[in-house]
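For reference, the structure is listed below as structure tokens.
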Amino acid sequence: MTQVTIREAVMQDIPQLKTLMLAYIVDFYQYRQPEDEKLNGLIHQLLEQKEGIQFVAETEEGTLVGFATLYFTFSTLRASKIAIMNDLFVIEAERGLGAAAKLFAACKGYAARNGYANLTWTTAKDNFRAQAFYDKMGGDRSDWQSYSANPTSGMGD
């Protein structure tokens, strides 16, 4: 079993982190590859830790095998700031060996230490492995249904 350490992402992680993020976006979720400039911009923005943060799972050899992303926002219902775990990804060869649990714990710990009222996340309806993982980690299934829409121009007309 590979030992992994969880830590905040740093500039030196960018090449490996970018590879992991592309595996997550393109290979795992079968989504189109983002423009290189946009992905680089997102990573740099997260490294600033103003609107979000990324954690990485690193082997003793210095190889990144997973990452988790938190974004910071607010909840009107809680009248407080909350953290959204937008991503939690571990490469296939390392799944089931504890890296995901450590990344999840890092996200929960960060939210607790920094005064966030809640940590929330979503996963695909058909991602049963992730759902079982989150159930095991003590996650509460929400009564809320998620929606999304592509932005359009206009002022509500």
Let me see the working for E94 and I91 under side-chain contact (heavy atoms from CB on, under 4.5 Å), right down to the final yes or no. CA-CA 6 Å; E94 294 292 324; I91 63 170; 3.8 Å; yes
For the CZ atom of F89 and the CD1 atom of I25, what is their distance to the nearest 0.5 Å? 10.0 Å
Start with the C-alpha distance between L70 and N86, add both sets of side-chain angles, then the distance that settles side-chain contact (heavy atoms from CB on, under 4.5 Å), and finish with yes or no. CA-CA 6 Å; L70 291 181; N86 203 66; over 6 Å; no
Once rounded to the nearest 0.5 Å, what's the spacing between atom CZ of R113 and atom NZ of K108? 12.5 Å
Do M11 and V56 share a hydrophobic cluster (ILVMFWY, side-chain heavy atoms under 4.5 Å, transitive)? yes
Hey, is the main chain of D27 close enough, under 3.5 Å, to the side chain of Q30 for a donor-acceptor pair? yes
Hydrophobic cluster membership, I53 vs V10, 4.5 Å side-chain cutoff: no
More than 12 heavy atoms of other residues, nucleotides or ligands under 6.0 Å from CD of Q49: is that the case? yes
Could you walk me through whether I14 and H44 pass the side-chain contact (heavy atoms from CB on, under 4.5 Å) check? CA-CA 9 Å; I14 292 175; H44 281 90; 3.5 Å; yes
So does E37 have more than 12 non-hydrogen atoms from other groups sitting under 6.0 Å from CD? no
First locate atom CG of L47, then atom CD of Q12, and finally report the distance between them rounded to the nearest 0.5 Å. 9.5 Å
What residues form a salt bridge (charged side-chain N to carboxylate O under 4.0 Å, His left out) with D36, not counting sequence neighbours? K18
Is a side-chain donor or acceptor of R32 paired with a backbone partner of V26 at a separation under 3.5 angstrom? no
Atom CD1 of I43 and atom CD of E48: how far apart are they, to the nearest 0.5 Å? 13.0 Å
Using side-chain contact (heavy atoms from CB on, under 4.5 Å), reason through T63 and E58 one step at a time and then give a plain yes or no. CA-CA 5 Å; T63 303; E58 181 179 38; over 6 Å; no
Atom pairs and distances, side-chain donor-acceptor, residues 71-84, under 3.5 Å, sequence neighbours left out:
residue : atom : partner : partner atom : Å
S75     : OG   : L77     : N            : 3.4
S75     : OG   : R78     : N            : 3.1
K81     : NZ   : N114    : O            : 2.9

Distance col, row L103:CG vs I6:CD1, nearest 0.5 angstrom, shows 4.0 Å
Ring center gap for F55 and F67 short of 6.0 angstrom: no
When rounded to the nearest 0.5 angstrom, what is the spacing between OG1 in T69 and CE in M21? 5.5 Å
Any side-chain donor near an acceptor of the partner, E61 and T59, under 3.5 Å: yes
